[in-house]
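No experiment lies behind these values; they were computed from the predicted model shown.
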Amino acid sequence: MAIDYQSLAVTGVQALSPYQPGKPISELARELGLNPADIIKLASNENPLGPSKKAIAAVQNALTDLCLYPDGNGFDLKQKLSERLGVGADQITLGNGSNDVLEVIARCFADTRSEVVFSQYAFAVYPIVTQAIGAKAVAVPAKDWGHDLDAMAAAVTERTRLIFVANPNNPTGTVHDADTIEAFLGKIPEGVLVVLDEAYCEYMTGEKDPDGVELLSRFPNLIVCRTFSKAWGLAALRVGYSVSSPAIADVLNRVRQPFNVNSVALAAATAVLDDEDYLQRSREANSAGLEQLEEAFDQMGLRYIPSSGNFVAVEVGSQAMGVYQALLAHGVIVRPVAGYGMPEHLRVSVGLPAQNEHFIDALSKALTAAGQGA
């Protein structure tokens with residue numbers, strides 16, 4: 001009799017489905033017989049500028065030591081982050097992407113007796129890690145597609161151990177200003193950890209936009225997570241980090257896997273922090289791209305959620321999956337978000353001007369084919 005190995009998995013894992021990333025260009029090319037050079041991917045919120053030249057040079061230099069284990073403590077990167085952020089190196093925990101850090105946080109501070117609070121329409125990793133460790137997920141209904149922070153604060157009970165807040169939020173792009181975030185943190189008991197996920201913070205340009213790191217001295221239960229995958233253009237290398245109190249970082253570093261960030265990634269991330277010109281160009285390209293996409297949506301009469309990230313969620317109607325498939329046929333990969341409870345939306349990453357224009361043209365044709373007109 002065959003063994004049902006799924007039944008041997010812990011309860012939370014049994015009911016999980018694998019995370020579905022954006023479709024790779026190579027996969028679409030194989031499926032539809034398209035030339036990979038003619039395909040544009042606007043599905044995974046990647047930086048369309050390509051990597052920084054400083055990062056590439058650092059990667060090339062690091063290749064000579066591939067036979068050696070990386071620095072398990074990430075000394076150079078931590079020092080660079082410490083100087084940039086004005087925090088101690090002992091406040092930083094490095095991860096194989098910020099997803100890695102989010103999972104470590106959940107494993108350290110929640111268990112089967114715990115509740116974890118997050119918002120409807122929030123990043124998929126929050127419910128995944130919560131379910132995997134067997135904690136109770138408390139998904140608070142969203143407000144105007146974003147976090148209802150008052151309701152999230154009200155959802156805290158004596159069993160609550162973690163609250164995940166994405167700011168800006170993925171996939172909706174909504175954001176709360178500094179005063180709102182600070183007021184929310186003031187309502188949360190010190191025994192409840194708040195994880196402020198700022199994966200897209202480098203794209204925020206408003207005067208009232210929050211900087212979670214600046215709040216750490218006043219809120220010892222705060223953990224701020226960031227990544228090099230977006231504005232810094234290092235998605236393939238998977239480098240993320242959290243900043244917290246030294247006491248919390250000490251706990252996280254007990255569970256963090258040794259050598260979880262490889263030598264090439266450490267070198268590239270350390271180098272790119274010196275490339276302010278690259279970061280500024282990333283911001284400028286993103287602002288222009290968002291404007292280009294939003295103007296096109298307005299002309300098509302499509303509703304969208306104003307975004308503070310490097311993507312925008314656009315409402316294309318009940319035939320969203322059909323529109324998605326039609327876009328694939330035109331060599332354009334975007335992201336369906338039905339899995340986030342948004343079946344009538346597609347999330348579109350900001351590309352370069354020509355890429356955005358290609359998508360806009362393809363979307364117009366896809367909508368017409370779906371009988372929605374444009």
Side-chain angles (χ1 to χ4, degrees), residues 74 77-110 116-119 122-123 125-126 129 147 149 152-153 161-170 174-188 190-204 206 208-232 234 238-253 255-256 260-261 269 273 279 308-309:
L77 179 54
K78 283 186 177 181
Q79 289 301 311
K80 187 72 71 173
L81 285 169
S82 174
E83 295 166 7
R84 183 181 184 88
L85 301 175
V87 299
D90 61 350
Q91 295 180 251
I92 299 169
T93 304
L94 299 179
N96 185 27
S98 58
N99 284 16
D100 184 29
V101 182
L102 295 172
E103 181 181 6
V104 169
I105 292 169
R107 290 175 60 203
C108 283
F109 292 105
V116 177
V117 176
F118 48 82
S119 176
F123 187 34
V125 167
Y126 309 154
V129 299
H147 292 51
L149 294 180
M152 292 177 72
R161 291 295 174 267
L162 288 173
I163 304 175
F164 288 109
V165 176
N167 202 56
N169 183 48
N170 173 29
T174 53
V175 69
H176 287 289
D177 64 25
D179 291 341
T180 303
I181 292 293
E182 186 166 358
F184 167 72
L185 290 171
K187 299 176 183 178
I188 306 303
E190 285 193 10
V192 177
L193 299 183
V194 177
V195 182
L196 187 59
D197 186 350
E198 294 187 331
Y200 300 91
C201 66
E202 286 88 1
Y203 290 114
M204 297 190 297
K208 295 185 178 181
D209 287 330
D211 181 342
V213 174
E214 293 181 352
L215 298 171
L216 287 169
S217 62
R218 281 171 283 162
F219 299 99
N221 58 330
L222 177 63
I223 306 174
V224 179
C225 290
R226 293 182 178 177
T227 183
F228 285 88
S229 295
K230 311 304 179 186
W232 293 109
L234 298 179
R238 313 301 300 125
V239 194
Y241 62 95
S242 68
V243 189
S244 63
S245 70
I248 290 176
D250 175 63
V251 173
L252 298 179
N253 282 312
V255 174
R256 176 187 65 84
N260 63 334
V261 184
L273 287 173
L279 180 60
S308 294

How close do [X] and [Y] get, counting heavy atoms only, and between which atoms?
{"X": "S308", "Y": "V175", "answer": "OG-CG1, 3.2 Å"}
{"X": "I181", "Y": "P210", "answer": "CG1-CG, 4.2 Å"}
{"X": "V192", "Y": "N221", "answer": "O-ND2, 2.8 Å"}
{"X": "L216", "Y": "V243", "answer": "CD1-CG1, 3.4 Å"}
{"X": "I92", "Y": "S82", "answer": "CD1-N, 3.9 Å"}

Does [X] have any side chain to side chain donor-acceptor pair (under 3.5 Å) partners at least two apart in sequence or in another chain, and if so, which?
{"X": "E182", "result": "R218"}
{"X": "T174", "result": "T172"}
{"X": "R84", "result": "E276"}

Donor-acceptor check, side chain of [X] to backbone of [Y], threshold 3.5 angstrom: yes or no?
{"X": "E198", "Y": "G212", "answer": "yes"}
{"X": "N170", "Y": "F123", "answer": "no"}
{"X": "S242", "Y": "V224", "answer": "no"}
{"X": "Q91", "Y": "S245", "answer": "no"}
{"X": "H147", "Y": "V165", "answer": "no"}
{"X": "N167", "Y": "H176", "answer": "yes"}

key: Results of ring pair (Phe, Tyr, Trp, His ring centres under 6.0 Å) for Y203 - residues two or more places apart only   = none
What's the separation between atom [atom1] in [X] and atom [atom2] in [Y], rounded to the nearest 0.5 Å?
{"X": "L196", "Y": "F219", "atom1": "CG", "atom2": "CZ", "answer": "11.0 Å"}
{"X": "N253", "Y": "I248", "atom1": "CG", "atom2": "CD1", "answer": "12.0 Å"}
{"X": "R256", "Y": "N96", "atom1": "CZ", "atom2": "CG", "answer": "11.0 Å"}
{"X": "D90", "Y": "S244", "atom1": "CG", "atom2": "OG", "answer": "9.0 Å"}
{"X": "S98", "Y": "E103", "atom1": "OG", "atom2": "CD", "answer": "12.0 Å"}
{"X": "L193", "Y": "I163", "atom1": "CG", "atom2": "CD1", "answer": "9.0 Å"}

Note, [X] side chain near [Y] side chain (heavy atom, < 4.5 Å):
{"X": "S119", "Y": "N169", "result": "no"}
{"X": "W232", "Y": "T227", "result": "no"}
{"X": "L162", "Y": "F118", "result": "no"}
{"X": "V129", "Y": "N99", "result": "no"}
{"X": "V87", "Y": "L81", "result": "no"}
{"X": "L185", "Y": "L215", "result": "yes"}
{"X": "L102", "Y": "Y126", "result": "yes"}
{"X": "V116", "Y": "F109", "result": "no"}

task = Sequence neighbours left out, what passes side chain to side chain contact (heavy atoms under 4.5 Å, CB included) with V261? Give chain and number order.
result = L94, V239, A265, L266
key: Qualifying residues under salt bridge (charged side-chain N to carboxylate O under 4.0 Å, His left out), relative to E83, sequence neighbours excluded   = none
remark   = Between M152 and the options V194, I188, V117, the side chain to side chain contact (heavy atoms under 4.5 Å, CB included) test singles out V117
Ionic contact status for R226 with D211, cut-off 4.0 Å = yes
